[in-house]
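Each ligand, and each atom within it, is numbered from 1 in the order the structure gives. Sequence positions, counted from 1, serve as the residue numbers for this chain. Here the structure is a predicted model, which is why all the values come from computation and not from measurement.
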Amino acid sequence: MDNRQFIEMAKKECKISYSPYSKIKVGAALVSENGEIFEGCNIENASYGLSMCAERVVLFKAVSEGQKKFTKIAVASSSQAVPPCGACRQALSEFSPEMEVVWEENGKIISKKLNELLPHSFGLKK
Ligand code: THU
């Protein structure tokens, strides 16, 4: 699957986003090392601070299904470009700082390594 198709997959996930407060629908698709694809969307809450980004929803879904290494994540939204926020970068970096991150900006696909988006990150000492 190429990056365009992968972003389309994340876009489809936007449709089931629960975002009555911001009205920004976000979808994410995550590929694990064994080739499995997980999908997730942002889920908001009346107490705003409990809202969760699509990237962490899909990450926690995958980790709770036994996956710990990931090769790529795509993020898409109904209204704007969505490079992952700082908190999601840190959460993703816990598992695979080398993963590829793709999103669309003004019709162009952007692809970056997570460690380019979060340089000098804090992590488990190995
Ligand atoms: N959001 C995401 O799901 N991912 C991002 O990378 C940025 C922001 C969500 C959180 C919230 O539900 C809405 O977008 C507005 O911030």
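- If you number the atoms of ligand 1 from 1 as listed, the ones under 4.0 Å from a heavy atom of S22 come out as 13 (C), 15 (C).
- The existence of a salt bridge linking E105 and K108 is excluded, since no basic side-chain nitrogen approaches an acidic carboxylate oxygen closer than 4.0 Å.
- The distance criterion of under 3.5 Å between nitrogen or oxygen atoms is not met by V82 with respect to ligand 1.
- Classification of K12 and E39 as a salt-bridged pair fails, no side-chain N sitting under 4.0 Å from a carboxylate O.
- Across every non-hydrogen atom of V102 and I7, the tightest pair is CG2-CG1, 4.1 Å.
- Nearest protein heavy-atom neighbour of atom 12 (O) of ligand 1: E44 OE2, 2.5 Å.
- Here the protein heavy atom with the shortest distance to atom 6 (O) of ligand 1 is E55 OE2, 2.6 Å.
- Counting heavy atoms closer than 4.0 Å to ligand 1, residue A28 contributes nothing at all.
- Atom 8 (C) of ligand 1 has its nearest heavy-atom neighbour, among C53, C85, P84, G27, in C53.
- No path of Ile, Leu, Val, Met, Phe, Trp and Tyr side chains, each step under 4.5 Å between heavy atoms, connects M9 with I110, placing them in separate hydrophobic clusters.
- Relative ring orientation between F95 and F70 is described as perpendicular, the plane-to-plane angle rising above 60° on a 0-90° scale split at 30° and 60°.
- Salt bridge R4/E104: present, at least one basic N to carboxylate O contact under 4.0 Å.
- Using 4.0 Å as the threshold, P83 has a heavy atom nearer than that to some atom of ligand 1.
- Checking atom 4 (N) of ligand 1 against the protein gives a heavy-atom contact under 4.0 Å.
- The closest side-chain heavy-atom distance from V31 to M1 is not below 4.5 Å.
- Those atoms of ligand 1 with a heavy atom of V26 less than 4.0 angstrom away are 1 (N), 2 (C), 3 (O), 4 (N), 9 (C), 14 (O).
- Nearest to atom 9 (C) of ligand 1 among the protein's heavy atoms is N42 ND2, 3.6 Å.
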